[in-house]
Participant: 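Dropping a structure here in structure tokens format, bear with me for questions.
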Amino acid sequence: MENILLEIIDIDDNGRGVAKLDGMIYFVENAKYGETIEATIIKEKKSFIIAKKIKTVKKSPFLENTSITEKQLCGVYDLFDIEYSKQVELKKNNIINTINRIAGESLNDINFFEADNRYGYRNKIELKVSLDGKLSSFNRNSYDLVNIENCVMTTSEISDVIKKLQDLIFEYNLKGYDSSTGEGLIKNVIIRSTSFGETMVIFVLNKEYNLKNFYIALESSNILTSFYVSMNAQKNNYKIKDLVHVFGKKKIIEQLGEYKFNISPKAFFQVNKNMSYKIYLEAQEYIKSLKPKTIVDLYSGVSTTSIILSKNAEKIISVEINKDAVKDARENAKLNNIENIEWMDIPAEVAIDEIELDDEKTVALFDPPRKGLDKNIIKKIGESKINNLIYISCNPSTLARDIKLFKEYGFRLLEVTGIDQFVNTVEIEALILLARS
Ligand SMILES: C[S@@+](CC[C@H](N)C(=O)[O-])C[C@H]1O[C@@H](n2cnc3c(N)ncnc32)[C@H](O)[C@@H]1O
């Protein structure tokens with residue numbers, strides 16, 4: 001089959017280039033936004049074609065002159081070398097087009113919070129270790145490792161920790177895990193930092209191993225506030241299992257506005273502190289105008305939103321499936337002298353059957369994972385007396401699907417705000433307000 005020329009006009013949620021030719025949509029891995037490429041067809045489906053990039057024929061006019069290398073990205077940042085104004089345009093259009101297409105809206109423009117920092121914003125990173133002991137990151141969609149150096153997207157505290165860890169890993173001759181054989185030692189290195197300069201590291205190990213001298217050296221380097229180890233011997237499973245606290249504090253502390261938050265090793269906390277705080281403040285603006293008696297905060301994590309909104313309602317019901325996060329949330333409320341939050345540490349789709357929903361002065365707030373809301377939640381809220389909903393989403397497609405379903409119960413889309421929380425990546429965060437009159 002002859003090669004074809006494709007102009008990349010968009011980037012999809014998976015970071016693939018999108019092109020249109022003769023009415024067909026093409027998806028191409030490793031294609032840059034704006035470039036023209038020579039490609040070959042790999043797979044033809046009814047409504048789209050998967051193509052493989054052969055070479056760039058014309059460079060993207062949106063490319064920035066940057067000296068940043070793949071090694072310095074320390075992760076997947078598909079848009080890192082695309083002009084920032086174009087990144088914003090792509091993200092705004094993604095939200096607008098997805099909501100219009102799936103939820104039947106006709107948005108022309110939306111509010112958008114641009115990032116305040118393009119680099120140095122990530123307060124959490126997960127790294128791997130190669131078989132020759134080099135800290136590395138995974139390539140997209142594969143177990144291939146890219147050695148890293150001077151990570152530019154992480155906070156300076158995390159960069160400092162990486163340097164020290166790398167020196168010690170070399171010094172103590174520690175090796176990474178081999179995904180093809182299931183052999184090796186270090187599976188995962190999770191590093192977190194807070195704006196107080198506190199740092200936490202978690203090693204996920206493949207087997208029991210005496211690392212006592214390494215731990216002593218790491219502790220005496222004074223670079224870490226907290227260090228944990230977890231054992232997970234399951235093949236190619238890199239997740240934290242049972243945790244052992246090795247040294248330092250058990251939790252690190254972060255602050256958002258007037259509130260402090262203890263963060264334990266497994267708890268979810270947004271990776272871009274400044275931008276996530278902007279989302280919470282925007283949600284608070286909506287809440288202030290609605291003056292609710294009760295806020296039902298579904299998918300509440302460590303209750304960051306519940307705590308920030310605690311003065312804006314008589315009662316907050318905070319629902320989160322992760323029991324560790326709820327434990328942290330209770331402590332966080334105590335730490336901030338907050339007494340009007342009630343917790344349910346069960347799935348939101350189950351909790352919704354137990355929550356009183358027949359008061360018009362209740363506002364529901366959702367912040368689900370990428371898969372969006374469970375159908376039972378939409379049904380129960382739809383059939384309830386609740387008239388105002390705030391929805392924070394990291395996936396425009398499931399957000400748009402859920403807007404469409406809420407519209408069947410008489411809700412209208414009133415506000416949409418996009419937030420560039422995951423700068424230089426294709427990921428987007430959106431906040432919407434739905435109401436029925
Ligand atoms: C995107 S996070 C939002 C957390 C929090 N609102 C914040 O801003 O930090 C989604 C949260 O939903 C929780 N979660 C996932 N599935 C759930 C379910 N079925 N019921 C309740 N919580 C769930 C996750 O543990 C995670 O804490």
Side-chain angles (χ1 to χ4, degrees), residues 13 91-92 94-96 98-99 102-103 105 107 110-115 121 256-257 259 261 267-290 292 295-310 312-313 316-322 325 329 341 347-349 351-352 362-374 377-378 381 386 388-406 411 413-423 425-435:
D13 291 350
K91 293 188 182 196
K92 253 181 145 177
N94 184 335
I95 297 173
I96 292 171
T98 309
I99 292 180
I102 300 175
E105 291 289 320
L107 303 170
I110 54 168
N111 305 325
F112 197 87
F113 294 160
E114 293 187 10
Y121 69 87
L256 289 174
Y259 300 110
F261 296 88
F268 175 91
F269 204 81
Q270 297 284 4
V271 297
N272 184 337
K273 185 204 151 189
N274 291 353
M275 295 310 288
S276 62
Y277 190 46
K278 284 187 186 177
I279 306 174
Y280 301 140
L281 290 183
E282 185 68 359
Q284 190 169 44
E285 284 308 306
Y286 292 168
I287 289 283
K288 277 184 190 162
S289 67
L290 297 168
I295 299 170
V296 180
D297 180 5
L298 296 171
Y299 308 88
S300 56
V302 288
S303 292
T304 323
T305 336
S306 298
I307 288 173
I308 289 171
L309 298 176
S310 58
N312 301 103
I316 319 275
I317 302 171
S318 207
V319 183
E320 165 60 44
I321 199 168
N322 178 337
I341 303 179
E349 57 275 23
I352 201 72
T362 296
V363 170
L365 186 146
F366 317 111
D367 189 0
R370 285 186 65 78
K371 67 178 182 182
L373 295 179
D374 184 273
I377 294 176
I378 298 177
I381 297 274
I386 294 183
N388 295 290
L389 311 176
I390 295 171
Y391 191 146
I392 301 172
S393 160
C394 55
N395 183 348
S397 301
T398 52
L399 173 69
R401 177 203 67 198
D402 294 345
I403 294 173
K404 182 169 184 264
L405 294 173
F406 277 124
F411 283 94
L413 179 62
L414 294 191
E415 300 273 354
V416 183
T417 301
I419 303 103
D420 196 10
Q421 199 180 193
F422 309 104
V423 195
T425 75
V426 291
E427 296 188 32
I428 325 169
E429 193 90 354
L431 171 73
I432 63 155
L433 178 63
L434 287 161

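Just so we're clear, the structure is a prediction, and the values are computed from it rather than from any experiment.
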Participant: If you measure from CD on E114 to NZ on K91, what distance do you get to the nearest 0.5 Å?
Facilitator: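 One gets 11.0 Å once the value is rounded to the nearest 0.5 Å.
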Participant: Do E285 and K288 have side chains that approach each other closer than 4.5 Å (heavy atoms only, starting at C-beta)?
Facilitator: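 Result yes, sub-4.5 Å side-chain heavy-atom pair found.
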Participant: Does L433 reach the side chain of L290, with side-chain heavy atoms less than 4.5 Å apart?
Facilitator: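 Side-chain contact under 4.5 Å: yes.
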Participant: Please confirm whether the backbone N or O of I386 pairs with a side-chain atom of T362, one donor and one acceptor, at under 3.5 Å?
Facilitator: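 Here the side-chain-to-backbone pair does not exist.
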Participant: Which value, rounded to the nearest 0.5 Å, describes the distance between I352 atom CD1 and L298 atom CG?
Facilitator: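 If I round to the nearest 0.5 Å, the distance is 5.0 Å.
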Participant: Which heavy-atom pair separates F422 from Y121 by the least distance, and what is that distance?
Facilitator: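 So the two residues come closest at C-OH, 3.5 Å.
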Participant: Given side-chain contact (heavy atoms from CB on, under 4.5 Å), test R401 with T398 step by step and report yes or no.
Facilitator: CA-CA 5 Å; R401 177 203 67 198; T398 52; 3.8 Å; yes
Participant: Distance check, rounded to the nearest 0.5 Å: I428 atom CD1 versus D420 atom CG?
Facilitator: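 The distance works out to 8.5 Å.
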Participant: Please list, chain by chain and in numerical order, all residues satisfying side chain to side chain contact (heavy atoms under 4.5 Å, CB included) with N274, sequence neighbours excluded.
Facilitator: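 Expected list: D116, N117, N272.
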Participant: How far apart are the closest heavy atoms of E320 and Y299, and which atoms are they?
Facilitator: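 In terms of heavy atoms, the two residues are closest at OE1-C, 3.9 Å.
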Participant: Going by the side-chain contact (heavy atoms from CB on, under 4.5 Å) test, name the single residue among I390, I381, D297 that passes it with F366.
Facilitator: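 For F366, the side-chain contact (heavy atoms from CB on, under 4.5 Å) test succeeds with only one of I390, I381, D297, which is I381.
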Participant: If you round to the nearest 0.5 Å, how far is CG of D402 from CD1 of I377?
Facilitator: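 Here the rounded value is 9.0 Å.
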Participant: Does the side chain of K273 reach to within under 4.5 Å of the side chain of L256, using non-hydrogen atoms?
Facilitator: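 K273 reaches L256 side chain to side chain.
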Participant: Given side chains that start at C-beta, do those of V363 and Y286 come closer than 4.5 Å, heavy atoms only?
Facilitator: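 No; the side chains remain at least 4.5 Å from each other.
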Participant: Tell me, do N94 and D13 make a side-chain contact under 4.5 Å, heavy atoms counted?
Facilitator: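 Result yes, sub-4.5 Å side-chain heavy-atom pair found.
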Participant: Looking at side-chain heavy atoms only, is the closest gap between F406 and I378 below 4.5 Å?
Facilitator: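 Answer yes - side chains close enough.
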Participant: From L389 CG over to L413 CG, what is the distance, rounded to the nearest 0.5 angstrom?
Facilitator: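 One finds 11.0 Å between CG of L389 and CG of L413.
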Participant: Less than 4.5 Å apart, any side-chain heavy atom of L309 and any of Q284?
Facilitator: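 Yes - at least one pair of side-chain heavy atoms lies under 4.5 Å apart.
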Participant: Is there side-chain contact between Y391 and P368, with heavy atoms separated by less than 4.5 Å?
Facilitator: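 Y391 vs P368: side chains touch.
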Participant: What's the shortest heavy-atom distance between Q270 and E429, and which atoms?
Facilitator: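 Heavy-atom minimum between the residues: NE2-OE2, 4.1 Å.
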Participant: Any chance you could measure I403, atom CD1, to I99, atom CD1, to the nearest 0.5 Å?
Facilitator: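 I403 CD1 to I99 CD1: 4.0 Å, rounded to 0.5 Å.
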Participant: Which residues pass the ring pair (Phe, Tyr, Trp, His ring centres under 6.0 Å) test with F113, not counting sequence neighbours?
Facilitator: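 F113 satisfies ring pair (Phe, Tyr, Trp, His ring centres under 6.0 Å) with no residue once adjacent residues are dropped.
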Participant: Mind running side-chain hydrogen bond (donor to acceptor under 3.5 Å, both in side chains) on S306 and S300 for me, showing each step along the way?
Facilitator: CA-CA 7 Å; S306 298; S300 56; 5.0 Å; no
Participant: Of all the heavy-atom pairs spanning I419 and F112, show the shortest one and how long it is.
Facilitator: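 Taking every non-hydrogen atom into account, N-CE1, 4.2 Å.
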Participant: For V416 versus I95, what's the shortest heavy-atom pair and its separation?
Facilitator: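 Smallest heavy-atom distance, with atoms named: CG1-CG2, 3.9 Å.
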Participant: Looking only at non-hydrogen atoms, find the nearest pair between N312 and I308 and report the distance.
Facilitator: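 Shortest heavy-atom separation between N312 and I308 comes out as OD1-O, 3.9 Å.
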Participant: Take N322 and F268, measure what side-chain contact (heavy atoms from CB on, under 4.5 Å) needs, and give me the verdict at the end.
Facilitator: CA-CA 9 Å; N322 178 337; F268 175 91; over 6 Å; no
